[in-house]
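Worth knowing before you read on, the calculation uses all heavy atoms, side chains too, and leaves out hydrogens, waters and symmetry mates.
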Amino acid sequence: FKSEFASAMPPNIARMMEARLERQRVNQDRRDDIRSALSEANIHGIRAHSDLRVEGIRRQREEATERRELFTDYKLVQAEKERVQRKELSEMEQRLADELERRRCVEARKEAVRRQVIAGSEELRSLKEKLNAASVNQVRAKQMLEKQDREEAEMEKQAHIAAHLEDLRIQEEQLEKQKL
């Protein structure tokens with residue numbers, strides 16, 4: 001190709017053309033190298049992007065797993081706390097119930113001893129009878145006072161009626177004297 005082209009043209013032009021063709025080939029080789037490098041860089045970029053994406057997905061999965069594990073641990077700790085609190089509350093309630101039962105038993109024993117002492121003591125029995133008699137006498141005295149109060153009120157009422165009737169009688173007598 002070179003020799004045919006070169007023989008048909010003058011030597012200067014042929015060299016220029018050959019130099020031009022050589023430059024075009026060099027430029028084309030450079031462009032091809034650049035395209036190849038860009039293509040390779042693009043492939044590396046895609047791979048790097050893909051690697052980053054895969055790494056991000058893996059990290060997200062690990063974080064999600066860690067969050068699930070933390071949540072599970074939290075739930076377990078909460079459940080244990082609640083169990084311990086329920087147990088403590090149950091124990092406190094049991095202690096309170098035991099204490100109340102103990103106090104009730106102590107009071108019942110004291111009451112039984114008191115009754116036994118009262119029942120067994122002649123002096124206390126006699127005092128109890130005297131108290132009962134005094135109470136009955138007090139009730140009777142109150143009833144008698146109430147009866148006296150009623151009788152006095154009735155007598156006052158009768159006296160008031162009698163006085164009123166006497167006033168009416170005197171007025172009638174005076175009216176009759178005036179008529180005569």
Side-chain angles (χ1 to χ4, degrees), residues 41-180:
N42 192 17
I43 289 172
H44 286 299
I46 290 172
R47 283 184 186 155
H49 178 70
S50 177
D51 288 346
L52 288 174
R53 189 166 171 260
V54 167
E55 179 64 25
I57 292 171
R58 185 189 59 74
R59 195 175 328 107
Q60 286 175 347
R61 284 183 185 156
E62 287 175 357
E63 289 171 357
T65 301
E66 187 175 338
R67 280 193 305 271
R68 279 193 303 274
E69 288 173 357
L70 286 173
F71 185 72
T72 302
D73 290 347
Y74 171 77
K75 285 295 192 180
L76 290 173
V77 167
Q78 286 300 104
E80 182 63 20
K81 280 183 183 177
E82 289 173 6
R83 186 189 67 76
V84 166
Q85 285 175 345
R86 283 192 305 271
K87 182 180 176 186
E88 288 174 355
L89 182 63
S90 175
E91 289 171 355
M92 278 189 346
E93 288 173 347
Q94 185 61 43
R95 284 192 304 268
L96 180 61
D98 292 346
E99 179 63 20
L100 290 174
E101 179 64 21
R102 186 190 67 76
R103 288 181 183 181
R104 188 188 63 76
C105 288
V106 166
E107 287 298 318
R109 269 189 244 116
K110 285 181 181 178
E111 182 64 25
V113 167
R114 190 174 58 81
R115 279 192 215 134
Q116 190 177 21
V117 167
I118 290 172
S121 172
E122 185 64 37
E123 187 179 320
L124 285 175
R125 249 186 272 135
S126 122
L127 286 174
K128 190 174 181 182
E129 287 172 6
K130 287 179 184 177
L131 278 174
N132 284 337
S135 176
V136 167
N137 287 339
Q138 190 179 18
V139 169
R140 282 185 191 157
K142 185 178 177 183
Q143 288 173 347
M144 286 174 65
L145 284 174
E146 287 174 357
K147 183 178 178 184
Q148 283 178 352
D149 287 344
R150 281 193 307 271
E151 286 174 355
E152 285 177 10
E154 184 64 30
M155 286 173 64
E156 285 179 18
K157 185 178 172 183
Q158 291 296 328
H160 183 65
I161 290 173
H164 184 63
L165 288 175
E166 184 62 26
D167 288 342
L168 288 176
R169 186 189 61 77
I170 292 174
Q171 284 178 2
E172 280 181 20
E173 281 179 10
Q174 286 176 357
L175 280 176
E176 280 187 26
K177 279 185 189 180
Q178 286 178 357
K179 284 186 189 176
L180 291 177

Decide yes or no on salt bridge (charged side-chain N to carboxylate O under 4.0 Å, His left out) for E176 and K179, but give the supporting numbers first.
-> CA-CA 5 Å; E176 280 187 26; K179 284 186 189 176; over 6 Å; no

Salt bridge (charged side-chain N to carboxylate O under 4.0 Å, His left out) between E111 and R115: does it pass, once the steps are laid out?
-> CA-CA 6 Å; E111 182 64 25; R115 279 192 215 134; 3.3 Å; yes

From Q143 CD over to L145 CG, what is the distance, rounded to the nearest 0.5 angstrom?
-> 10.5 Å

Does a side-chain heavy-atom distance below 4.5 Å link R103 with E107?
-> no

So, T65 side chain and R61 main chain: donor-acceptor pair closer than 3.5 Å or not?
-> yes

Which value, rounded to the nearest 0.5 Å, describes the distance between S90 atom OG and K87 atom NZ?
-> 9.5 Å

Are the side chains of R104 and L100 in touch, meaning some heavy atoms are under 4.5 Å apart?
-> no

More than 12 heavy atoms of other groups within 6.0 Å of E62 CD | yes

To the nearest 0.5 Å, how far apart are CD in Q60 and CZ in R67?
-> 8.5 Å

Given the rule in the side-chain contact (heavy atoms from CB on, under 4.5 Å) test, do E63 and E66 qualify, once you have shown the distances and angles that lead to the verdict?
-> CA-CA 5 Å; E63 289 171 357; E66 187 175 338; 5.5 Å; no

When rounded to the nearest 0.5 angstrom, what distance separates CZ in R140 from CE in M144?
-> 10.0 Å

Check: H160 and H164 side chains under 4.5 Å, non-hydrogen atoms | no

Beyond-backbone contact of V84 with E80, side-chain heavy atoms, under 4.5 angstrom | yes

Should E154 and Q158 be marked as a side-chain hydrogen bond (donor to acceptor under 3.5 Å, both in side chains) after you check the CA-CA gap, both sets of side-chain angles, and the distance that decides it?
-> CA-CA 6 Å; E154 184 64 30; Q158 291 296 328; 3.0 Å; yes

Hey, what do you get for CZ (R83) to CG (L76), rounding to the nearest 0.5 Å?
-> 12.0 Å

Check: M92 and L96 side chains under 4.5 Å, non-hydrogen atoms | no

Find out whether K110 and V106 are in side-chain contact, i.e. whether some heavy atom of one side chain is under 4.5 Å from a heavy atom of the other.
-> yes

Rounding to 0.5 Å, atoms CD (Q116) and CZ (R114) come to a distance of 12.5 Å

More than 12 non-hydrogen atoms from neighbouring residues, nucleotides or ligands closer than 6.0 Å to CD on E123, yes or no?
-> no

Do you know which of Q171, E166, E172 makes side chain to side chain contact (heavy atoms under 4.5 Å, CB included) with R169?
-> E166

